[in-house]
Number of protein chains: 2
Amino acid sequence: MNTNRKKNLDSNDAKEIAVTAVTQDAYSAKPAPRVVPTPSVRRLPLYLRLLRDYVAQGRETISCTRLAADLRFDPTQVRKDLALTGVVGRPKVGYPVAELIAAIEDFLGWRNPVNAVLVGVGSLGTALLGYNFSLHGVNIVGAFDAAPEKVGQVVHGREIMPIGYLTHFIQHRHIPMGILAVPAQAAQSVAEMMVAGGVRAIWNFTSAALQLPLDVLVERADFSASLAVLTRALAHGLAPTPPKIP
Amino acid sequence: MNTNRKKNLDSNDAKEIAVTAVTQDAYSAKPAPRVVPTPSVRRLPLYLRLLRDYVAQGRETISCTRLAADLRFDPTQVRKDLALTGVVGRPKVGYPVAELIAAIEDFLGWRNPVNAVLVGVGSLGTALLGYNFSLHGVNIVGAFDAAPEKVGQVVHGREIMPIGYLTHFIQHRHIPMGILAVPAQAAQSVAEMMVAGGVRAIWNFTSAALQLPLDVLVERADFSASLAVLTRALAHGLAPTPPKIP
DNA sequence: TAGATTGTTAATCGATTAACAATC
DNA sequence: TAGATTGTTAATCGATTAACAATC
């Protein structure tokens, strides 16, 4: 009981601060939690995806039990995650599906896409330009490449601009996000150009460890972490099932 | 001290079990830890990447302090992660770079690539076929697509086969890994064909929540989790820096 | 009503970070 | 040698899971 004292005090502090927040910000009935767990944020798109399926099936409410089963999550975890959106469920009934969808989209900022530039129109960059991320909160409004022969080409509706224009373009159009799809050797210098232009976040598809100001958010998206998990597992105990000869 | 008792007992158990493991498996001087933390496995490729740079710079040893600084990690965390590989460092000197590289590659299974099939040769699938993952533990040895007009085409050196051949191909060639790059609606059924063929792991680039036997490892690689983190942060407090007018 | 399901607090679990003796 | 750096244990932190009263 004694080692828990600190933790309990923390909980009490949190409650008090939350109450204060209500006083300060009378607009929202429920104060947003001060800090949102990143794992929860990462899971929210999974719920969103399923909720859209439920709508297509004509469901109007859904229980956390069902969501949890479909995702192989713990039901309590689902309840905690959904609570972040402020939507309340009804015992015995579940959560209103349409309301949840809207609340998650709002929570993630997917209702108001931010503009982004993409640098590096190789095969991955081309694939990214082909996606429409506008329902996922991002609009790619400019594409750049260092290769002179690529500049001027139109890929998925965007004309490729020279790297030399990058910083000015970001600055001029107040672009908050950069997508890095260049070769690893070029990553650091292109990232610096992005930051010089004023981006606040970088989606980094390269394997480079970027050295940037701490207030720039870098989200790693290179494949090596996934591959490490998969290959390590396969190399140690996850052998292929013996093929069933029919 | 009393709430910690359980935890301490656990540590002791671990030690005893580890000792038992040594007795059972006399080959390795240091027994591999029973369970390897996934976050550590995900970080190992980052070290590997930096270590290769250090080699290129002519370094023969590297301290965890330096690695930690370059990656903005805690030095203790780096020591813990590197300890997984079994490589020992020398106080005041650091870790031998070449040895670490080899040990990490071994640990991840990147010295002996596993075979994989890719299904869905759209823009992302094409990009993935263009990568050479053989230094990252994976060889894509077959590509499949449902569209009859794609079948027979050669993309990055692989002839696209019809989905109908998928299960047999996996079974016949003992392929342990499948890469899912199909539209979300097709994901579940293609995944089931992969499992029917005998894959033990699936690299899932779709947003679908797959319902598969629990002993099949599914590694999620769709973009929505990353996007959620980025857009949520930008929508709440990470505004673009005001452009500095020169 | 009875009981499934929510919202929330407490307990557990696991990962990260701090502390420090050993040592090169 | 002196002190930077390792290896490892202990402490902290944060996320997940269990428990359970409230309630529809």
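In what follows, chains are A, B, ... by sequence order, proteins preceding strands, each numbered from 1.
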_Tell me whether the count of non-hydrogen atoms from other residues, nucleotides or ligands lying under 6.0 Å of CZ in A:Arg90 goes above 12._
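Check fails, neighbour count at 12 or below.
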For this session: For A:Arg220, look at atom CZ and say whether over 12 heavy atoms of other residues, nucleotides or ligands are found less than 6.0 Å away.
Result: no
*asked:* Tell me whether the rings of A:Phe133 and A:Tyr131 are parallel (<30°), tilted (30 to 60°) or perpendicular (>60°).
replied: parallel
Open item on the list: Below 30° counts as parallel, above 60° as perpendicular, anything between as tilted: where do the rings of A:His236 and B:Phe107 land?
Closed with: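 Geometry flag for B:Phe107 against A:His236: tilted rings.
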Provide, to the nearest angstrom, the distance between the [atom1] atom belonging to [X] and the [atom2] atom belonging to [N].
X	N	atom1	atom2	value
B:Leu100	D:dT6	CG	C1'	13 Å
B:Asp81	C:dT17	CG	P	11 Å
A:Leu67	C:dT5	CG	P	12 Å
B:Arg42	C:dT16	CZ	P	12 Å
B:Arg66	D:dA4	CZ	P	17 Å
A:Tyr95	C:dT5	OH	P	12 Å
A:Leu82	C:dT6	CG	C1'	11 Å

Checklist entry - Which is true for A:Arg43 with a 4.0 Å heavy-atom rule: it touches a base, it touches only sugar-phosphate, or it touches nothing? => result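 Sugar-phosphate only.
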Provide a list of protein-nucleic acid N or O atom pairs under 3.5 angstrom, restricted to nucleotides 19-24 of chain D.
from: D:dA19; atom 1: N6; to: A:Arg79; atom 2: NH2; distance (Å): 3.4

Among the nucleotides D:dT17, C:dT6, D:dG7, whichever has the atom closest to the side chain of A:Gln77 is D:dT17
Taking C:dT17, D:dA15, D:dT5 as options, the one with an atom nearest any side-chain atom of B:Asp74 is C:dT17
The side chain to side chain contact (heavy atoms under 4.5 Å, CB included) partner of A:Pro176 among A:Val138, A:Val114, A:Val199 is A:Val114
message: Could you walk me through whether B:Ile179 and B:Val119 satisfy the side-chain contact (heavy atoms from CB on, under 4.5 Å) test, starting with their C-alpha distance in whole Å, then the side-chain angles of each, then the deciding distance to 0.1 Å, before giving a yes or no?
response: CA-CA 6 Å; B:Ile179 306 177; B:Val119 185; over 6 Å; no
Is it the case that D:dT17 (base atoms only) and A:Lys80 (side chain only) share a donor and an acceptor within less than 3.5 Å, ignoring hydrogens and angles?
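Answer yes: a donor N or O sits under 3.5 Å from an acceptor.
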Assign each of A:Phe73 and B:Ile62 the nucleotide of DNA chain D bearing its closest heavy atom; nearer the 5' end lies the nucleotide of B:Ile62
Is there a side-chain contact (heavy atoms from CB on, under 4.5 Å) between B:Ser224 and A:Trp110 once you walk through the steps?
CA-CA 11 Å; B:Ser224 59; A:Trp110 288 10; 4.0 Å; yes
Given the options B:His136, B:Arg52, B:Arg49, A:Ser207 meets side chain to side chain donor-acceptor pair (under 3.5 Å) only with B:Arg49
Students should find that the end-to-end axis angle of the helix from C:dG3-D:dC24 to C:dC24-D:dG3, with five pairs defining each axis and rounding to 10 degrees, is 10°
Exercise for the section: For the pair B:Gln211 (side chain) and A:Asp70 (backbone), establish whether a donor and an acceptor sit closer than 3.5 Å, ignoring hydrogens and angles. Expected result: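 Pair found, side chain donor or acceptor close to backbone of A:Asp70.
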